[in-house]
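Comments concern the structure below.
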Amino acid sequence: MDVEHKLERKIGSFQAITINMAQMMGAGPFITIPLVLSVMGGPQAMFGWIAGAVLALLDGQIWSELGSAIPGEGGTYNFFKAAFYKRTGNLMPFLFIWSVLLATPLTMSSGAIGLANYVGFFFPHMTALQMKLIAVFVTLLAIALLYRRVSSVAKISFVLWMGMILTVILVVGTGILHFDPKMAFAFPKNAFAPSSFFKGLGAGMLLSIYDYLGYYTSAYMGDELKEPGKTIPRAITWSIILVALIDLLMNIGIIGYVPWKEAAKSSNIGSLFMTKAWGAPGGIIITILIIWTCFASVYTGLLGASRIPYNAAQDGVFFKKFAHLHPKLKFPNYSLLVIGAIMVVCCFFNLTTVINALMAVQIVIQFMMQIIALTVLRRNKPNLKRPYKQFLYPIPSVIAFIGWAFVFISSGSNAIWLALLWTILGILVFLVRSLFKHDEWPFKNNRKEI
């Protein structure tokens, strides 16, 4: 690649952690605490967050090994290219980019929708259309702020991250001051009956793992990280651990002051909690900070997502326009604009539908196949330089695969069908496209390994 068109390595470990955490700590817990309490039927919801954190840590091992061994813009795209090219050509990398076009805007739009819901705290009589238009405005603002050099982006991410940390400190601190263990651990009768508990746990894990999504954001920015072999594993592991502790403390703290049945019915639990503790001023302050935190997740999510099609376009697997870098600011501006435009459309969908759909699509095309990719690379490329290796391989891979399958089944029939149909459609699009491109047919026998 020409020197003028190279991305700049400006992001260190601490900044990478803040980028991951800002993406993870968005609207998630402030939207899903009531939902997890509802599907699990009581304070045992805390085990949903614990199970989600364990799955994220196990999957983080996979991301860490693959990301440190094959760093670059695009993350999973690069992993699939390395693992599956010899057998199926560009089919799997193409399917990943295909899934990104749906899953990533869905993920980011959920943060924008969550932000709009909290704006509703100040304007309770807003119509549904007005709230959706607020989500659209948030998307456009994030795109405008991302239209700059990556060094400036990292500084903005840090400022947004500081707002997120302040929000967490206020919520956790208030929970500690008003904590009632009898209320926090008021488990209903038969709360741990196996049939109901594990059924609820699947739905609870789906929602909690949604809260952790983004722990891999830095792996999409390998060409912009200092020492990616060390930075990626550090950023992934520490962001998961810190966010897991934060989510658990917030969950227990809130239901240790607000009765869980009341919390389960709330549409803005953070505002309810702080208003109950500190009156109207407390509710106003925390709502502003939650809005800040939601915006941070949208901003950093778009930052990572806009880099995903970049390498694919450079390789000719995706449309050439996505390989374009801004001539002065050196970032993939066309990719940012397209992902942002699709996100605008997603802002008009229902939040629950968005969460279930994005989880199902990501699991079937990305997370489960990525575990297989690691196994294939271990077998076919044993000499590949791996600055980080999965601890106790293959045990984390096996458990993570089972965990993702459990969550996928728990996403519901509509989301499962959407994921399967989207995957089948992607395969058909790729096969039709392959008829007109040299060396694209996925089932050639004489293809050289890359």
Side-chain angles (χ1 to χ4, degrees), residues 13-37 43 45-60 107 110-111 114-115 118 157-179 184 204-205 207-218 234-258 260 263 266 268-274 277 282 285-301:
S13 293
F14 180 72
Q15 289 175 316
I17 293 171
T18 64
I19 288 171
N20 284 1
M21 288 184 66
Q23 164 62 9
M24 296 165 75
M25 286 298 303
F30 300 108
I31 291 175
T32 58
I33 285 175
L35 298 178
V36 179
L37 284 169
M46 63 185 71
F47 292 99
W49 266 282
I50 292 171
V54 171
L55 178 56
L57 281 169
L58 291 170
D59 194 59
T107 304
S110 68
L115 186 154
Y118 270 89
S157 297
F158 176 73
V159 173
L160 292 173
W161 180 80
M162 289 300 294
M164 178 204 75
I165 292 298
L166 178 58
T167 307
V168 168
I169 290 172
L170 288 175
V171 173
V172 172
T174 299
I176 292 172
L177 291 174
H178 296 85
F179 185 69
M205 281 183 68
L207 292 165
S208 67
I209 200 68
Y210 160 77
D211 290 346
Y212 296 122
L213 289 182
Y215 55 85
Y216 42 76
T217 300
S218 57
R234 287 173 185 166
I236 290 173
T237 303
W238 279 108
S239 61
I240 294 172
I241 292 172
L242 292 172
V243 170
L245 289 172
I246 289 167
D247 282 358
L248 196 58
L249 285 172
M250 286 200 297
N251 172 66
I252 296 174
I254 286 174
I255 63 174
Y257 186 55
V258 179
W260 73 264
S266 174
N268 47 21
I269 185 62
S271 302
L272 169 66
F273 174 64
M274 294 297 281
I285 291 171
I286 202 63
T287 302
I288 292 172
L289 288 172
I290 289 173
I291 289 171
W292 179 287
T293 300
C294 291
F295 182 76
S297 74
V298 173
Y299 177 85
T300 53

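Treat the numbers as computed from the prediction; the structure is a model and nothing was measured. All residue numbers refer to positions in the sequence shown, counting from 1. Computation of the quantities below employed the complete heavy-atom set of this structure, encompassing side-chain atoms and omitting hydrogens, waters and symmetry-equivalent molecules.
Rounding to the nearest 0.5 Å places CD of Gln15 at 10.5 Å from CD1 of Ile17. Taking OG of Ser271 as the reference point, atom CD1 of Ile291 lies at 8.0 Å (rounded to 0.5 Å). To the nearest 0.5 Å, atoms CG (Leu289) and SG (Cys294) are separated by 11.0 Å. For the atom pair OG1 (Thr167) and CD1 (Ile165), the distance works out to 9.0 Å, reported to the nearest 0.5 Å. For the atom pair CD1 (Ile254) and CZ (Phe30), the distance works out to 7.0 Å, reported to the nearest 0.5 Å. Atoms CZ and CD1, from Phe273 and Ile286 in turn, are 9.0 Å apart once rounded to the nearest 0.5 Å.
When all heavy atoms are compared, the tightest approach of Ile240 to Ala56 is CD1-O, 3.3 Å. Between Met21 and Leu242, the shortest heavy-atom distance links the atoms SD-CD1, 3.8 Å. Closest non-hydrogen pair, Ile269 versus Ala263, comes out as CD1-CB, 3.6 Å. Residues Ala16 and Ala235 come closest through the heavy atom pair CB-CB, 3.7 Å. Across every non-hydrogen atom of Ala184 and Gly256, the tightest pair is CB-CA, 3.7 Å.
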Would you give me the side-chain donor-acceptor pairs under 3.5 Å for residues 168-176, sequence neighbours excluded?
{"residue": "Thr174", "atom": "OG1", "partner": "Leu170", "partner atom": "O", "Å": "2.7"}
{"residue": "Thr174", "atom": "OG1", "partner": "Trp278", "partner atom": "NE1", "Å": "3.0"}

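Every residue was checked against the side-chain hydrogen bond (donor to acceptor under 3.5 Å, both in side chains) condition with Tyr212, not counting sequence neighbours, and none meets it.
No hydrogens or angles considered: a donor-acceptor pair under 3.5 Å links the side chains of Asp59 and Tyr215. In summary, the side chains of Trp49 and Asp211 do present a donor paired with an acceptor at a separation below 3.5 Å, with no hydrogens or angles considered.
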Would Thr287 and Asn268 count as a side chain to side chain contact (heavy atoms under 4.5 Å, CB included) if you check the C-alpha gap in whole Å, the side-chain angles of each, and the deciding distance to 0.1 Å?
CA-CA 9 Å; Thr287 302; Asn268 47 21; over 6 Å; no
Could you go through the side chain to side chain contact (heavy atoms under 4.5 Å, CB included) check for Ser218 and Asn20 one step at a time?
-> CA-CA 6 Å; Ser218 57; Asn20 284 1; 3.3 Å; yes
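Side-chain contact between Ile285 and Met274 is absent, with no heavy atoms from C-beta onward closer than 4.5 Å. Considering only heavy atoms from C-beta on, Ile33 stays 4.5 Å or farther from Asp247 through its side chain.
For the pair Tyr210 (side chain) and Thr32 (backbone), a donor-acceptor distance under 3.5 Å is absent. Proximity of a side-chain donor or acceptor of Ser110 to a complementary backbone N or O of Thr107 within less than 3.5 Å is detected. Remark: side-chain polar atoms of Ser239 are paired, donor with acceptor, to backbone N or O of Ile236 under 3.5 angstrom.
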